[in-house]
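In what follows, a single structure is set out as C-alpha cells and then discussed.
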Amino acid sequence: MSLSIGFIGLGNMGGPMAANLVKAGHQVKVFDLNRSVVNLLAENGAIAADDAKHCATDVDVLISMLPASKHVKSLYLGDTGLVHILAKSTLVIDCSTIDAASARDVGAELSEHGIDFVDAPVSGGVAGATAGTLTFIVGGGDEQFAKAQPVLADMGKNIFHAGDIGAGQVAKICNNMLLSILMAGTSEAIQMGINNGLDAKVLSDIMTASSGRNWTLELYNPCPGVMATAPASNDYKPGFMVDLMAKDLGLAMEAAQQSNSVTPMGSMAKNLYTMLQHQGAGSEDFSAIFKLFSKE
C-alpha cells in the first residue's frame, strides 16, 4: 500500500533509506539541512520539503534519522517541536541511535498528544541501507510495531520487536558493544599470527572454520588484502565509521553505569576506539582498529 511518508535526516544512512521508500512506490517528502541531498532525492522521485514542519505535515508516517539525542529531542519536543503540528494519525519512527531515556522522553511526549511512536535503530551500515537489507530493532507497543513493520520492510530485511519504547536502543548498543569487542579481538589475533610468520588469509580461514569463528572473520575481515570486498582492502572506506562506533560505545557505557552492569571489555573497546579517533581515523571504517595492533 502506498503511503505518504516524511523523512528527516538524509545522511549516509538516511539518504539511501529514503530512496528505497521512493522505489517502493511511496510518496516521500524529504528534508535535510544539506539541500544538495534533498535536491538529489527530488530528482529521483521524492518531494523536497522546505523545512522540517513542511516535511511532517499531512503524512501517514514520519521517519527521522539524526546524529544524536539532542537533535531528536530538539526536533520533536519543546515550544517549536513537531509534537505541536503532527496529526494524531501520523506514526513517528525514529531510526536514530540515541540513549534509551531520550527515546522514552520523546515517546511519552508524543503519546500525550495522541501520536504513535516507535524507536527503530538500524544495523547493517551504508551497504545495508543502499541494498535495502537493514536490520531494524524496534521499541514500542504491539500495535505501533504492527503499523511500522510494513514500512520498515521496504528498507530492511530483518525486523525485530525488542520490547517497549527504548528497548530498540538498548538492544542496538548491546549489539554494537559486542561487535566492537569482536573486531578488536579479531584484529589482535590476526596481527599476532602475522607477527609469528602466518599468512593472514590462511589464519583467517583456519579461525573461520574453528571455535574462533565470528562475523568479522566471515564478512568484514579487518586485515587489508584478506577479503576484497571488506573496507580494510579499500583503504578503510566506511562502512561504519570509527566516530559512530565510538559514539555508540559511549551510549553503551552510559547504559552500563545507569544499570550497574559490569562491562570491562566494552570499556576497553571504548578506550581503543577513542584512541583511534585521536590518531585521526574517525572518518575511517571501524575495522581500522586493526591499525592499533599493526607494526607497520
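- Taking a cutoff of 4.0 Å between a charged side-chain nitrogen and a carboxylate oxygen, E284 and K237 do not qualify as a salt bridge.
- Atoms NZ and CG, from K147 and D142 in turn, are 13.0 Å apart once rounded to the nearest 0.5 Å.
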Item to check | Working for side-chain contact (heavy atoms from CB on, under 4.5 Å), residues V151 and I63 | outcome: CA-CA 10 Å; V151 179; I63 301 172; 4.0 Å; yes

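- With H161 contributing its side chain and G140 its backbone, the two residues share a donor-acceptor pair below 3.5 Å.
- The residues D243 and K247 are annotated as not salt-bridged, no charged nitrogen and carboxylate oxygen being separated by less than 4.0 angstrom.
- Under the 4.5 Å side-chain contact rule for hydrophobic residues, Y273 and M268 share a cluster.
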Item to check | Residues S259, S261; criterion side-chain hydrogen bond (donor to acceptor under 3.5 Å, both in side chains); working and verdict | outcome: CA-CA 5 Å; S259 59; S261 300; 2.7 Å; yes

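- More than 12 heavy atoms of other residues, nucleotides or ligands shown are found within 6.0 angstrom of CZ on R35.
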Checklist entry - So E218 and N214, side-chain hydrogen bond (donor to acceptor under 3.5 Å, both in side chains) or not? Walk me through it. => result CA-CA 6 Å; E218 288 188 84; N214 66 75; over 6 Å; no

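- With contacts defined as side-chain heavy-atom distances shorter than 4.5 Å, the pair L10/L41 qualifies.
- Nearest heavy-atom pair across I181 and G266 is CD1-N, 3.7 Å.
- V138 and I5 fall within the same hydrophobic cluster, where Ile, Leu, Val, Met, Phe, Trp and Tyr residues are linked whenever their side-chain heavy atoms come under 4.5 Å apart, directly or through other members.
- Distance alone, capped at 3.5 Å, places no donor-acceptor pair between the S180 side chain and the A269 backbone.
- Heavy-atom contacts from other residues, nucleotides or ligands closer than 6.0 Å to CD of Q27 number 12 or fewer.
- With hydrogens and angles disregarded, no donor-acceptor distance shorter than 3.5 Å links the side chain of H26 to the backbone of S4.
- In this structure, R104 and V170 approach most closely via the heavy-atom pair NH2-CG2, 4.4 Å.
- Using a 4.5 Å cut-off between side-chain heavy atoms of Ile, Leu, Val, Met, Phe, Trp and Tyr, with links allowed through other members, L276 and M183 fall into the same hydrophobic cluster.
- A donor-acceptor pair is defined here as one N or O able to donate and one able to accept, closer than 3.5 Å; no such pair exists between the side chain of S204 and the backbone of L217.
- L82 is listed as a side-chain neighbour of L62, based on a closest heavy-atom distance under 4.5 Å.
- A distance of 10.0 Å separates NZ of K270 from CG of L251, quoted to the nearest 0.5 Å.
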Next on the checklist: Under the criterion side-chain hydrogen bond (donor to acceptor under 3.5 Å, both in side chains), I'd like the reasoning laid out for D94 against Y76: C-alpha separation, chi angles, the key distance, then a yes or no.
Outcome noted: CA-CA 10 Å; D94 181 48; Y76 291 107; 5.0 Å; no

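- Nearest heavy-atom pair across H84 and D79 is CD2-O, 3.4 Å.
- For the side-chain contact (heavy atoms from CB on, under 4.5 Å) criterion with V92, the lone passing option out of V106, L86, V83, L75 is L86.
- L134 is listed as a side-chain neighbour of M13, based on a closest heavy-atom distance under 4.5 Å.
- Expressed to the nearest 0.5 Å, how far CE of M241 lies from CZ of F286 amounts to 13.0 Å.
- Looking only at side-chain heavy atoms (C-beta outward), H54 and K29 come within less than 4.5 Å of each other.
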Checklist entry - Checking side-chain hydrogen bond (donor to acceptor under 3.5 Å, both in side chains) for the pair D99/S102: CA distance, chi angles, key distance, verdict? => result CA-CA 6 Å; D99 64 278; S102 292; 2.8 Å; yes

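- The CG atom of L91 sits 4.5 Å away from atom CD1 of I93, with the distance rounded to the nearest 0.5 Å.
- Hydrophobic clustering (side-chain heavy atoms under 4.5 Å, transitive across Ile, Leu, Val, Met, Phe, Trp, Tyr) groups V122 together with L21.
- Looking only at side-chain heavy atoms (C-beta outward), P222 and I190 come within less than 4.5 Å of each other.
- Within the 4.5 Å cutoff, no side-chain heavy atoms of M65 are placed close to those of I8.
- V118 and F160 are not part of a single hydrophobic cluster, where members link through side-chain heavy atoms under 4.5 Å apart.
- A donor-acceptor pair is defined here as one N or O able to donate and one able to accept, closer than 3.5 Å; such a pair exists between the side chain of D285 and the backbone of S287.
- For the pair T90/D60, no side-chain contact is recorded, criterion being any heavy-atom separation below 4.5 Å from C-beta on.
- Among all heavy-atom pairs drawn from I159 and A153, the shortest one is CD1-N, 3.5 Å.
- Side chain of N234 to main chain of A228: a donor-acceptor pair is present (N/O by atom type, distance under 3.5 Å, no hydrogens or angles).
- Taking the ring centroids of Y220 and F240, they lie at or beyond the 6.0 Å cut-off.
- The distance from atom OG of S123 to atom CG of L179, rounded to the nearest 0.5 Å, is 7.5 Å.
- At distances below 3.5 Å, at least one donor-acceptor pair connects side-chain atoms of S233 with backbone N or O atoms of G225.
- Of all the heavy atoms in A103 and I165, the pair that sits closest is O-CG2, 3.5 Å.
- Heavy-atom neighbours of D58 CG from other residues, nucleotides or ligands within 6.0 Å: at or below the threshold of 12.
- Rounding to the nearest 0.5 Å gives a distance of 4.5 Å between OG of S96 and CG of L66.
- Within the 4.5 Å cutoff, the side chain of K172 has heavy atoms near those of the N176 side chain.
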